[in-house]
Amino acid sequence: MARRKGLIAQMLDARKQAKRLQAQAEARWHRELVAEQKRHEAEANREAKQAEASAKKAEAARLRQEAQAKRLADQAEAKSAREALQRQRAEERQRAADGRAKAQETAAANRLAEREAHARKTAEAEFRTEAIRTRIAEYTQLLAHRNRQAATAALELRAALTHGGPNAFVERLQHALAQSRYPEGLTGKVAAHYDPASSELLIEYELPLREVVPTIAAYRYTAAKGMVAVPRKESETKKLYGDLLARLTLRTIDETFGVTPPDLITSIVFNGYASTKDKATGRTIRPLLMSVGAERDKFAVVQLDEPELDPVLCLRSHLNAIVSPHPYDLEGVRPVVSFDLSKYKFVDGMDVVAGLDSRTDLLTLSSGEFEHLIRSLFESLGMKSLVTQPSKDEGVDGVAVNEDPIVGGLCIIQAKRYSKIVGLEAVHALAGVMDHKRAAKGVLVTTSWVGKASRDFAAANGRIEIIEGRNLKYLLKEHLGLDVLIGLEKIPPGWDRADLE
C-alpha cells in the first residue's frame with residue numbers, strides 16, 4: 001500500500017513535475033513569445049526609428065539641399081546684385097568722369113574763348129589807340145608832307161594869268177593847291193583873290209572845326225570794366241587844335257608861295273575861318289581864327305622842316321599874325337586885312353580817282369586819299385554807300401552797305417596803305433570791330449600782304465575777306481580803269497614783279 005502510495009505520489013509528483021515542467025515550458029515559451037514579440041516590437045521600433053531617422057535624415061538632407069539651393073540662389077542673387085551695383089557704380093563713375101571731362105573741356109573752351117575775346121578786345125583797343133595816334137601824327141606831320149612840286153604849276157599859273165587874267169590865275173592856283181593831300185577831315189578848301197598891281201594874293205581858308213582833334217587819347221580793355229575810353233586832357237586837346245590851325249596856315253602859305261612865281265606874288269594875306277552853328281541862336285557863324293600878312297622874303301627864312309619849330313609861336317612872333325587866343329572856343333579876331341570873297345567859289349578837295357595818274361604809286365597816296373580810293377572801288381562794286389568817319393571812327397576806315405536781302409548787310413572796311421606785311425593783330429582788330437558793330441562782313445584792303453596766320457584766322461572766322469596789293473591792283477584796273485604801281489621795297493612771298501608793276 002505504501003508502495004502504491006509512493007507510486008501514486010511519485011506519479012503525482014511526476015505529474016506535478018510534468019505540469020511544472022510544462023508550466024515552465026509554457027512560461028518559457030510565453031517568455032520566449034513575449035521576448036519574440038518584444039524583439040519583433042523592438043525590431044519594428046528599431047526599423048521605425050531607423051525609418052524615422054532615415055526620414056529625418058532625408059528631410060534634413062532635403063532641408064539642407066533646399067537651404068543650400070536657397071543659399072546658392074541668394075548668393076547668385078547677391079552676386080548679381082553686387083555685379084549690377086558694380087555696373088551701376090562703374091556707369092556712374094564713367095558718367096561722372098565724362099561729366100568732369102566735358103566740364104573740363106567746356107571750361108577750357110570757355111577759358112580759350114575768354115582769352116581769345118580778351119585778345120581781340122585788347123587788339124581792338126590797341127588798334128583804336130593806334131588809329132588815334134596815327135591821326136595825331138598825321139597832324140603833326142602836316143608841314144613835312146606839304147606839296148613841294150612847284151615848277152610845273154608856276155609855269156601854268158604864269159600862262160593862265162597871261163591868257164585869262166587874274167580870275168584864270170586864281171582858278172589855276174586853286175587847282176594847284178587842291179593837289180595837296182590832307183589827312184581825312186581836313187579839306188584844304190581855299191578861295192582867293194589876286195591883285196596884280198600889288199602882287200598880293202588874298203586867301204580865305206576854311207579851317208576845320210575842333211571835332212577833328214580826337215578827345216579820346218587811348219582805349220584800354222580790361223575784363224572787369226570792358227572797353228574804356230581814356231579821355232584826353234582838355235588843355236592838351238585845345239593845344240593840339242591850336243597847333244593844327246597854325247600848321248594848316250603855314251602849310252597853305254608855303255605851298256602858295258611855292259607854286260606861284262616870285263615876281264607875281266610877293267605877299268599873301270591869309271584869313272582862316274571856321275564855319276559852324278551858334279548854339280545860342282542856331283544861325284550859321286564864321287568866326288575868324290587866324291589872320292596873317294606874310295611877305296615872301298620874311299616867310300622864306302622860316303624852316304618848316306625843323307622839328308623844334310613852334311607853329312603858333314612862328315605865326316605870332318615872326319609873322320605878327322593875329323591868332324585867336326581861344327580857337328577851341330571859336331573866339332574870333334579882327335583880320336589883318338578885310339576882303340570879301342563871296343563872289344569867288346570854293347574848290348573842294350579833288351576826286352581822288354580823277355586826280356590819279358594812270359601809273360600812280362599807291363604808296364605815295366596819303367592815308368586819307370587811299371581810304372577815299374577804296375571807297376570809290378567799293379562803290380564801283382555795287383555797294384549802296386561807303387562812309388568814312390575821320391575822328392571818332394572807332395577803328396573803322398569805311399562802312400559799306402549791301403542792300404541785297406539775302407547776302408547783303410553791313411560791311412566793315414579797313415584800308416592799310418602799308419609797305420610791309422600787315423600783322424595778325426590787324427585782322428584780330430577787324431574781327432573785334434565786326435563783333436562790336438555786328439557786321440555781316442569785314443574786308444581788310446592793303447597795298448602789301450598778310451601772313452599765313454592772318455589768312456588762316458580769316459578762313460576760320462568765315463566773314464573776313466583779305467585783299468592784298470596784287471589783288472587790289474587788279475580790282476582798280478578792272479573796276480576803275482586805274483593802272484597803278486605798288487612801290488614795295490621787296491617782292492612779297494609768292495608774288496611776281498608784274499604784281500607790283
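Numbers here simply count residues along the sequence, with the first being 1.
- There is no side-chain donor-acceptor pair under 3.5 Å between Thr446 and Glu468.
- In this structure a side-chain-to-backbone donor-acceptor pair under 3.5 Å is missing from Arg463 to Lys441.
- In this structure, Glu306 contributes its side chain and Glu308 its backbone to a donor-acceptor pair below 3.5 Å.
- The two residues Ile486 and Thr447 come nearest to each other via the heavy atoms CG2-O, 3.3 Å.
- For residues 58-71, the pairs satisfying side-chain hydrogen bond (donor to acceptor under 3.5 Å, both in side chains) are Glu59-Arg62, Arg62-Glu66, Lys70-Asp74, with sequence neighbours left out.
- At a threshold of 4.5 Å between non-hydrogen side-chain atoms, the residues Thr249 and Pro311 do not count as touching.
- Listed by chain and number, the residues in a side chain to side chain donor-acceptor pair (under 3.5 Å) with Thr237 amount to none (sequence neighbours excluded).
- Between Asp305 and Leu143, the shortest heavy-atom distance links the atoms OD1-O, 4.2 Å.
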- Apply salt bridge (charged side-chain N to carboxylate O under 4.0 Å, His left out) to the pair Lys239 and Asp243, showing each step before the final yes or no. CA-CA 6 Å; Lys239 184 177 184 304; Asp243 183 80; 5.3 Å; no

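- Classification of Glu124 and Arg128 as a salt-bridged pair holds, one side-chain N sitting under 4.0 Å from a carboxylate O.
- No side-chain heavy atom of Leu475 sits less than 4.5 Å from a side-chain heavy atom of Ser380.
- No salt bridge links Asp98 with Lys102; every basic N to acidic carboxylate O contact stays at or beyond 4.0 Å.
- Remark: the backbone N or O of Gly432 is not paired with any side-chain donor or acceptor of Arg120 at under 3.5 angstrom.
- Cation-pi geometry between Arg210 and Tyr328 is satisfied (NZ or CZ under 6.0 Å from the ring centre, within 45° of the ring normal).
- Two residues are said to be in side-chain contact when any heavy atoms from C-beta on lie closer than 4.5 Å; Val443 and Ile466 fail this criterion.
- Put simply, the side chain of Ser80 never gets that close to the backbone of Glu77: no donor and acceptor are under 3.5 Å apart.
- Within the structure, side-chain hydrogen bond (donor to acceptor under 3.5 Å, both in side chains) contacts touching residues 418-427 (residues at least two apart or in different chains) do not occur.
- With a 4.5 Å cut-off on side-chain heavy atoms, Glu465 and Leu444 do not count as touching.
- Between Glu331 and Pro325, the closest side-chain pair of non-hydrogen atoms falls below 4.5 Å.
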